[in-house]
Amino acid sequence: MARKIPATVITGFLGAGKTSIIRHLLENANGQRIALIINEFGDIGIDGEILRGCGIEDCADEDILELANGCICCTVADDFIPTMEALLGRERQPDRIVIETSGLAMPKPLVKAFNWPDIRTRVTVDAVVTVVDGPAVADGLFASDPAAVRAQREGDDALEHESPLEELFEEQLGCADMVVINKADRLDGEALGSVTAEVEGQLRPAVKVVTAAHGAVDPAVLLGLGAAAEDDLDARPSHHDGVDDHDHDDFDTFSVEVTDAPDADELLRRLRAAIVEHDVLRVKGFAHIPGRDMRLLIQAVGGRLQHYYDRDWREGEERRTRLVVIGRKGLEEAAIGQMLGG
């Protein structure tokens with residue numbers, strides 16, 4: 001029997017560091033041909049663009065496939081399966097496949113899709129790797145009211161609570177074969193221990209937890225786990241077991257084009273103000289700063305905002321500022337766009 005191509009599913013909440021982990025894998029691929037399937041949430045391919053701009057020798061544009069028509073777990077039949085079939089139909093096959101889900105995806109429906117007849121015989125899910133934003137967990141960002149939950153936790157060790165964000169977080173942990181607590185360098189020993197204990201309390205037996213900074217995890221740790229997750233679905237708990245249809249109506253997403261930001265400091269000031277006023281969960285995109293020949297990459301998780309110039313604008317490339325904004329249902333698109341200068 002021909003060897004099945006191992007596929008690693010990398011899941012995790014918004015801004016946890018999935019793309020950083022994939023970039024580190026590519027930088028340490030040691031000649032392996034890795035095909036990437038990137039699932040974006042929104043109509044701007046930010047993560048795919050980050051990886052295309054990385055300058056890694058083994059990262060060819062044709063090996064990066066993007067699914068930008070919504071959350072991958074909701075569009076398996078329409079998008080993921082045809083993409084996989086097209087990938088497997090290529091004359092030159094990849095050594096491995098790495099799939100980055102959107103931050104709003106539940107991994108179990110995706111793993112189920114690997115039982116599709118034309119895929120099952122040729123690909124196996126080597127592992128589901130869930131990336132956790134350590135500081136976000138420490139700050140209680142997966143609760144509907146983090147401050148209130150922290151106060152209740154301090155007074156009641158038996159506290160139980162549910163919110164859409166927590167449910168999604170539980171889905172991603174419940175399907176994991178390995179968990180990476182990323183951004184561990186931003187936590188002291190006590191906070192990291194607390195986050196690790198919270199995560200481990202939601203995992204299946206024998207699922208390992210590792211820590212990382214900036215997504216730097218040795219590929220030998222993440223790859224070659226041999227989980228064959230598609231054969232182990234019953235052991236991976238989900239809130240949606242037995243439910244045929246599901247959606248993410250608890251979240252809104254939109255893109256905005258900013259036309260009048262005079263400089264980077266002003267754009268970032270507007271972003272911080274909009275995030276606070278409208279309780280924005282996630283912002284990511286690229287910006288054109290007048291007088292600069294490089295594009296500015298912007299990523300925000302809650303109030304934590306990261307930005308850096310990632311590469312030169314290419315000849316003929318339109319220089320503009322476009323951002324994807326994600327938040328809970330009811331996000332005020334017009335008001336946020338006005339605050340940002342759209």
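Just the heavy atoms: all of them, side chains too, but no hydrogens, waters or symmetry mates, feed the values below.
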**Request:** For Asp126 and Lys4, run salt bridge (charged side-chain N to carboxylate O under 4.0 Å, His left out): C-alpha distance rounded to whole Å, both residues' side-chain angles, the deciding distance at 0.1 Å, then the answer.
**Result:** CA-CA 10 Å; Asp126 183 64; Lys4 290 185 179 182; over 6 Å; no
**Item:** Short N-O contact, Asp231 and Arg120, less than 4.0 angstrom
**Value:** yes
**Message:** Is there a side-chain hydrogen bond (donor to acceptor under 3.5 Å, both in side chains) between Thr11 and Thr130? Walk through the geometry before answering.
**Reply:** CA-CA 5 Å; Thr11 189; Thr130 296; 5.4 Å; no
**Prompt:** Between Lys108 and Pro237, is there a donor-acceptor pair closer than 3.5 Å when you use the side chain of the first and the backbone of the second?
**Reply:** no
**Asked** Looking at Val179, Val217, Ile10, which one forms a side chain to side chain contact (heavy atoms under 4.5 Å, CB included) with Val131?
**Response** Ile10
**Asked** Is Arg320 salt-bridged to Glu257, going by a charged N under 4.0 Å from an acidic O?
**Response** yes
**Backbone of Met294 reached by a side-chain donor or acceptor of Asp312 within 3.5 Å** = no
**Fill in**
Exactly one of Thr8, Leu222, Leu203 clears side chain to side chain contact (heavy atoms under 4.5 Å, CB included) with Met178, and that residue is Leu222
**Prompt:** So, the side chain of Glu100 versus the backbone of Ile38: is there a donor-acceptor pair under 3.5 Å, distance only?
**Reply:** no
**Message:** Given 3.5 Å as the limit, does a donor-acceptor pair link the side chain of Gln172 with the main chain of Phe13, or not?
**Reply:** yes
**Item:** Ile34-Val221 co-clustered via ILVMFWY side chain contacts under 4.5 Å
**Value:** yes
**Item:** For Arg122, salt bridge (Lys or Arg N to Asp or Glu O under 4.0 Å) partners two or more places apart
**Value:** none
**Asked** Which pair of non-hydrogen atoms, one from Gly134 and one from Val195, has the smallest distance, and what is that distance?
**Response** O-CG2, 3.7 Å
**Approximate separation, where rounding is to 0.5 Å, of Asp279 CG and Leu331 CG** = 9.0 Å
**Prompt:** Counting N and O atoms only, with roles assigned by atom type, does the side chain of Asp232 sit under 3.5 Å from a partner on the main chain of Ala227, one being a donor and the other an acceptor?
**Reply:** no
**Request:** Could you tell me which residues satisfy side-chain contact (heavy atoms from CB on, under 4.5 Å) with Pro135, sequence neighbours excluded, listed by chain and number?
**Result:** Asp133, Lys183, Arg186, Leu187, Arg304
**Message:** Under a 3.5 Å threshold, yes or no: a donor from one side chain and an acceptor from the other, between Trp116 and Glu85?
**Reply:** yes
**Request:** Using the test salt bridge (Lys or Arg N to Asp or Glu O under 4.0 Å), find all partners of Glu200 that sit at least two apart in sequence or belong to another chain.
**Result:** none
**Request:** Check side-chain contact (heavy atoms from CB on, under 4.5 Å) between His307 and all other residues, then give those that pass, not counting sequence neighbours.
**Result:** Leu268, Leu296, Ile298, Leu305
**Asked** Counting N and O atoms only, with roles assigned by atom type, does the side chain of Thr196 sit under 3.5 Å from a partner on the main chain of Leu192, one being a donor and the other an acceptor?
**Response** yes
**Message:** Could you see if Leu267 belongs to whatever hydrophobic cluster contains Tyr309? Use Ile, Leu, Val, Met, Phe, Trp, Tyr and a side-chain cutoff under 4.5 Å.
**Reply:** yes
**Prompt:** Passes side chain to side chain contact (heavy atoms under 4.5 Å, CB included), Asn28 versus Asp218? Steps please.
**Reply:** CA-CA 8 Å; Asn28 297 276; Asp218 190 332; over 6 Å; no
**Message:** Treating Glu170 as the side-chain partner and Glu167 as the backbone partner, does any N or O pair qualify as donor plus acceptor under 3.5 Å?
**Reply:** no
**Message:** Among residues at least two apart in sequence or on other chains, which ones pass salt bridge (Lys or Arg N to Asp or Glu O under 4.0 Å) with Asp177?
**Reply:** Arg204, Arg236
**Request:** Tell me, please, which residues at least two apart from Glu332 pass side-chain contact (heavy atoms from CB on, under 4.5 Å).
**Result:** His278, Ala335
**Message:** Checking the side chain of Thr101 only, and the main-chain atoms of Pro107 only, is there a donor and an acceptor separated by less than 3.5 Å?
**Reply:** no
**Message:** Nearest 0.5 Å, please: how far is CG in Leu271 from CD in Glu266?
**Reply:** 10.0 Å
**Prompt:** Do Asn182 and Val132 pass the side chain to side chain contact (heavy atoms under 4.5 Å, CB included) test, and can you show the C-alpha distance, the side-chain angles, and the key distance before you say yes or no?
**Reply:** CA-CA 6 Å; Asn182 196 29; Val132 170; over 6 Å; no
**Asked** How far does CG of Leu340 sit from CZ of Arg269, to the nearest 0.5 angstrom?
**Response** 10.5 Å
**Request:** Considering non-hydrogen atoms only, spot the tightest contact between Glu230 and Val125 and give its length.
**Result:** OE1-N, 3.0 Å
**Request:** Apply side chain to side chain contact (heavy atoms under 4.5 Å, CB included) to the pair Val123 and Phe114, showing each step before the final yes or no.
**Result:** CA-CA 7 Å; Val123 183; Phe114 282 85; 3.6 Å; yes
**Request:** I would like to know whether His288 and Arg295 meet side chain to side chain contact (heavy atoms under 4.5 Å, CB included); could you show each step before the answer?
**Result:** CA-CA 6 Å; His288 166 56; Arg295 70 179 188 183; over 6 Å; no
